A.B. asks: 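The structure that follows is given in the form of structure tokens.
Values in this document were obtained by computation on a predicted structure and should not be read as measured data.
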Protein chains: 4
Amino acid sequence: MCKLASTFSLRTFSTDEDLVKKRRNHIVQCATKAFTKQGFSQTTMREIAKACQMSSGNLYHYFGAKDEILYSIINTATSLQAECLENFTRDLDSMSPTDALVQLIRKLLQWHDENQDVTLFTYQETKNLPRNARQDIFDSECRIVSLFEKLLRSGIDSGEFTINHPKLMAHTIVTIGHTWALRRWFLRRYWTFETFVNEQTSAILKAVRRDTSAIAGDGSSNEG
Amino acid sequence: MCKLASTFSLRTFSTDEDLVKKRRNHIVQCATKAFTKQGFSQTTMREIAKACQMSSGNLYHYFGAKDEILYSIINTATSLQAECLENFTRDLDSMSPTDALVQLIRKLLQWHDENQDVTLFTYQETKNLPRNARQDIFDSECRIVSLFEKLLRSGIDSGEFTINHPKLMAHTIVTIGHTWALRRWFLRRYWTFETFVNEQTSAILKAVRRDTSAIAGDGSSNEG
Amino acid sequence: MCKLASTFSLRTFSTDEDLVKKRRNHIVQCATKAFTKQGFSQTTMREIAKACQMSSGNLYHYFGAKDEILYSIINTATSLQAECLENFTRDLDSMSPTDALVQLIRKLLQWHDENQDVTLFTYQETKNLPRNARQDIFDSECRIVSLFEKLLRSGIDSGEFTINHPKLMAHTIVTIGHTWALRRWFLRRYWTFETFVNEQTSAILKAVRRDTSAIAGDGSSNEG
Amino acid sequence: MCKLASTFSLRTFSTDEDLVKKRRNHIVQCATKAFTKQGFSQTTMREIAKACQMSSGNLYHYFGAKDEILYSIINTATSLQAECLENFTRDLDSMSPTDALVQLIRKLLQWHDENQDVTLFTYQETKNLPRNARQDIFDSECRIVSLFEKLLRSGIDSGEFTINHPKLMAHTIVTIGHTWALRRWFLRRYWTFETFVNEQTSAILKAVRRDTSAIAGDGSSNEG
DNA sequence: CATGAATGAGGTTTCATTCAT
DNA sequence: TATGAATGAAACCTCATTCAT
């Protein structure tokens, strides 16, 4: 829905596209580890190079600058997440909106459980990207919100859900996913992944299911 | 409840406590602006000094290092937030748990609305602090979660609420507050503060109010 | 005899050992000149870099800190001195202790005549080194004292010398060497190198040669 | 004999001469301790001020710069040493040159034993003084050498001593004094003060007493 | 394609000295 | 006379980036 062509480009000196893809992948994998441990600013190109078992000069054959690696990590992760959830959604077509929602929430949380570092990292380091690079990331996040929004709207249509602002609820669900990654220092102390999934799912369902007792919203909304 | 003595200390060369307090305050104010614009790592001490209309040397009379300024910003904000909410809670003693909860949620969101920069900043830069400094921040956050937890438990006692894991719900509420600050690039595009408050409050109430239809949690919990 | 492994280590970013050795040598040469002119503290890394015709950043590929350059100068000089005298001693095996002593004293003084700057420098700047670095220097000095001590003891054994505290006499000889470098502002005003060598040699011989008229020492000594 | 008016002057803002003298004395005492612990360059004016229980601004009422304190320490010590030995010499008039020499050597070594720090300090930090300040120090040292030289010459006149270069021997004796302070890390490990005094005295006497067996010096000398 | 030595601008921090109080 | 807050130049050191090999 809001998928845009990437507006931030990566420099390379190589013309062998396959090699470029392979090397960039490798660098992104290794740099993620290094960045997660120490933060973007505190990690030097030398350290990244060592983590990649490459010379630092060679990094510059595949990325034009340190920034571009950062962008690539965050953008790759966010795009993959969007893609992963989009694919997953396709398999839910036959389910009821409620069941589909439960499944998608679990999938979302699973993704963040498996990619905790990148989620945290995205929150912390996106600000270090130039404006147009940031836009790409935001676009991917919009795609993910949209997935939930569509599901919620189909539930409204089917009469299962009552929601004043489905896009807002979609966004809230997405941020609950983030929370599992961002606040692990707190959450992991008390609850297992299963407990967290079940409790949050339960709360969301209570909030969206047909019900007449809601405190009225003010009705104002810019939602399209 | 989990208020601990600060474990991270600030160096100063001055012995005039009032002056130290005044200058530190001033520096914290100005540095916050500078950091929010450009991020911690990208902001130089020279820039901070200029923002404070001080010589860079003089900064070091009131803070021992750049780190200490960062800590001071985050710690001051988080402590003040905890204190502010704790004070506010005292005025809610006479209300029903439901009403008190509604009020406290609004207060929490108001705080984040007025201190968006610091909230975002806390998420992004806490990792740049040494471990013991980070602990201080976490402690303040625990205090805030505890406020909500106590309220929820009193609602359970009074029979108004049904909640499996009150601490988790408290935590969820707290992160909804963060969300208003962290995701303003998204939220502000579509909704006003009022809408956001009302909708989130409504969703939370639906989730906590006496109700027998919950999807069962797994029952396992480390919550005390 | 008291040769120990070095306890103070030098950082480098390079793995090409030959290059490291070459560059360090070059830096040590140039830095020695700069330090001797202005003292360690008064010489900046930029000046050292300029003296080496290097960028200041590149210095840090071969030394981790200014300290390490200082250490390297002093340690290199002291080790080389010890080695030089040890090698020279080997050629004296066939001589009588008296003749050997005369030769070794001259060699010692020659070394200090040719390395006046480093000797002075060692006295002035060793205190700027960390404790373990200082230990390395002391060890080399012990080796030099030992050379003389062994010679004196062999003279005692052969009946040529009478000495109550051979180690102390050895030490005294070593410091006479230092004196030629440390007090040149005075000595050079009045005497040539030859005069100095001859006079000091003569005085030492008078002091060590079999003679029964010595003022008795107190006999107490920790000498092993 | 070579007492010159001081060529390096100390700034003060005060006109109360007694106060100036008192304060300067105090500062010199305290600064010596501080410098000895950490070296001149590594000691800050703030630390000196704290050691003096003064404000750093006030230091500048009595000394114009950090250099001037350094100069004052070294110059005071060296002058006092010269004066002390000169006074002591007056009491030796009635003795034989040999006895007087023995007494004066002991006095010299006693001084260095009691003022080890300043001796070491003088060697290490004199280079940090401007040329004309350095001259003052050298002059005091000349006075001390002269004392011994006069004594040696009177011994030659009386027929007790045979010395080719009395000034050189005088200088050697003076440096033996320095050695006790400079090389305490070595000497103290093995010998007591008494042993050191006795042994060195004995060696010196052997070297200066009428004797025909000396290796001939080359006879060349600039000694006046 | 790959290396890693070299660059040098610019970062944080220190500290001798001044000057208003 | 005494204070100590303020200054700002300059110190050490880092590190993204380039380029000869």
A.B. asks: What is the separation between atom OH on C:Tyr62 and atom C1' on F:dC13, rounded to the nearest whole Å?
C.D. replies: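 From C:Tyr62 OH to F:dC13 C1': 17 Å.
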A.B. asks: Could you tell me the separation between the CG atom of A:Leu59 and the P atom of E:dC1, rounded to a whole number of Å?
C.D. replies: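 So the CG-P distance, A:Leu59 to E:dC1, works out to 14 Å.
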A.B. asks: Is it the case that D:Ser41 and C:Ser41 place a side-chain donor and acceptor less than 3.5 Å from each other?
C.D. replies: yes
A.B. asks: E:dA2 C1' sits how many Å from A:His26 NE2, rounded?
C.D. replies: 14 Å
A.B. asks: Starting from P on E:dA5, measure out to NZ on C:Lys22 and report it in whole angstrom.
C.D. replies: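 Going from C:Lys22 (NZ) to E:dA5 (P), I get 12 Å.
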A.B. asks: Across the strands shown, which category fits C:Phe63 at heavy-atom distances under 4.0 angstrom: base, sugar-phosphate, nothing?
C.D. replies: nothing
A.B. asks: Check the distance between E:dA5's P and C:Asp18's CG and give it to me in whole angstrom.
C.D. replies: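 Roughly 12 Å, once rounded to whole Å.
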A.B. asks: In plain terms, say whether D:Glu125 and C:Lys127 are close enough for a salt bridge, that is, a side-chain N and a carboxylate O under 4.0 Å apart.
C.D. replies: yes
A.B. asks: Rounded to the nearest angstrom, tell me the gap between atom CE in C:Met54 and atom P in F:dT14.
C.D. replies: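 In whole Å, F:dT14 P and C:Met54 CE are 16 Å from each other.
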A.B. asks: Have a look at B:Leu19 and say if it touches a base, only the backbone sugar-phosphate, or nothing, with a 4.0 Å heavy-atom cut-off.
C.D. replies: sugar-phosphate
A.B. asks: Can you see which heavy atom on B:Gln42 is nearest to which on B:Glu47, and at what distance?
C.D. replies: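 Where B:Gln42 meets B:Glu47 most closely, the heavy atoms are O-OE1, 3.7 Å.
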A.B. asks: Phosphate oxygens OP1/OP2 of F:dT3: is one of them under 4.0 Å from a side-chain N or O of D:Ser55?
C.D. replies: yes
A.B. asks: Is it the case that A:Lys66 places NZ or CZ above or below the six-membered ring of A:Phe40, under 6.0 angstrom from the centre and within 45 degrees of the axis?
C.D. replies: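 The answer is yes; both the distance and angle limits are met.
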A.B. asks: Could you state the atom-to-atom distance from CG of B:Asp16 to C1' of E:dT21 in whole Å?
C.D. replies: 13 Å
A.B. asks: Pairing check on F:dA2: which nucleotide meets the Watson-Crick or G-U wobble criteria with it, both distances under 3.5 Å?
C.D. replies: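 Matched F:dA2 with E:dT21 under the 3.5 Å cut-off.
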A.B. asks: Between C:Tyr123 and D:Tyr123, how do the two ring planes meet: parallel, tilted or perpendicular, split at 30° and 60°?
C.D. replies: tilted
A.B. asks: Roughly how many Å is it from CZ in D:Arg23 to P in F:dT1, rounded to a whole number?
C.D. replies: 10 Å
A.B. asks: Report yes if some heavy atom in the side chain of A:Gln135 is under 4.5 Å from a heavy atom in the side chain of A:Phe8; otherwise report no.
C.D. replies: no
A.B. asks: How does protein reach along nucleotides 9-18 of chain E, written 5' to 3' as B (base within reach of a heavy atom under 4.0 Å), S (only sugar-phosphate), or - (no contact)?
C.D. replies: BBBBBBBSBB
A.B. asks: Kindly assign one of parallel, tilted or perpendicular to the pair C:Phe13 and C:His61, based on the angle between their ring planes and the thresholds 30° and 60°.
C.D. replies: perpendicular
